[in-house]
Amino acid sequence: MPLPDSIATLEGKFSILKKAEFRGETTLIVRREDIAEICRVCKESLGFDYLVDISSVDNFGDEPRFELVYELSSIATNEHLRLKLSVSEDEPSVATVSGIWPTANWHEREIYDMMGIGFTGHPDLRRILMWEGYPYFPLRKDFPLGGKPSEVPEVAFTKAAPLEGGPFVTRPSTSTVKDREPRARRMEE
Amino acid sequence: MAEAHAAYDSKVEGNVIFTRVDAAINWMRKNSLWPMPMGLACCAIELMATGASRFDIARFGAEVMRFSPRQSDVMIVAGTVTYKMALAVKRIWDQMPEPKWCIAMGACASSGGMYRSYSVLQGIDQLLPVDVYISGCPPRPEALIEGLLKLQRKVDGEKSLGDQKRVLIESFS
């Protein structure tokens, strides 16, 4: 749904790079430096009391490379607002919003773990899924699907997984479901 | 080993049977395989079903799920082994006393299953010696029981006393 009042308030206080409306969803593209202040205004003045999610996108090959997406929601009015900002690879760091919505703590840790974007001011910026010492960021586009070998002694090791053959191999084609469905197949088949 | 396990001689009075020590030890071992339930994913649900009354793994002497590795005989690795969990599984295996066996239950524990991924160990046999692999995603309880029976047949064929002596003698040298 359109959010004229909220957008007007934000435009009055910050520089909004772009506005977009698509199928009733409002998206604002904002400057990276402003995100913490914008989120504070959204929470405290505009009633967006619920941070649904923070996610990150790797536009590998583009500059700036990364994009962060904040999904804001208001429980009282059921309004929804999306904030986007770009992060360059040279300075992969954004101010934390975990002081505004406590739930952002783990969302930001996941982005740090999977994409390698840091959050300044975060109270506990550790990896959340992988272990401390794992040297890669697995959701980046230049990370291979099967992974890379690594080892942290006494903690964990990884090996590259084979990507051909195995117990659940599908055959993309226009043939029948029986021929396409996942089956155990050897590599040469 | 098609030899008879025990013989009964009606000429000897009372309840006396003759057997070999190996056969007696194996008979006791195979009918009281206490599992270490290493339930890591959805296979663990089928493992629970196998333990419950409908399928009743107690019929085969394996109902005593021991959550302490020091009291268990067979580790049933039921589910996806992630690299984060892998060394913990190995450590629990190392804590189990000999003799011990391992069942890899389901596609994930056997081979990584559908997780051709940076985060999943491609089969627990990379870390532990597996005795029985069970296919399925997840396997039905009947399949797990069949795997257990296969393991029982394997235990039955072992030279339990001879191997124990060999290990003992090796430990002296």
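Each chain gets a letter, A, B and so on, in the order its sequence line appears, and its residues count up from 1. Just so it is clear, the structure is predicted and the values come from calculations on it, not from any experiment.
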Note, [X] side chain near [Y] side chain (heavy atom, < 4.5 Å):
X         : Y         : result
Tyr83(B)  : Val155(A) : no
Met130(A) : Tyr118(B) : yes
Pro182(A) : Met114(B) : no

Mind ranking Gly146(A), Ser150(A), Ala160(A) by heavy-atom pairs under 4.5 Å with chain B and telling me who comes out on top?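 Heavy-atom pairs under 4.5 Å are most numerous for Gly146(A).
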Heavy atoms from other residues, nucleotides or ligands near [atom1] of [X] exceed 12 (cutoff 6.0 Å):
X         : atom1 : answer
Tyr115(B) : OH    : no
Lys13(A)  : NZ    : no
Arg54(B)  : CZ    : no
Trp131(A) : CH2   : yes
Glu154(A) : CD    : no
Arg153(B) : CZ    : yes

Measure Tyr136(A) against the heavy atoms of chain B and call it side chain, backbone, both or neither at under 4.5 Å.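 For Tyr136(A), there is no contact with chain B at all, as no heavy atom is under 4.5 Å.
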Under the 3.5 angstrom rule, does the side chain of Lys84(B) hit a backbone N or O of Leu129(A) as a donor-acceptor pair?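 It does hold such a pair.
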What pair of heavy atoms forms the shortest contact from Arg116(B) to Pro162(A), and how long is it?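 Minimum heavy-atom contact is CD-O, 2.7 Å.
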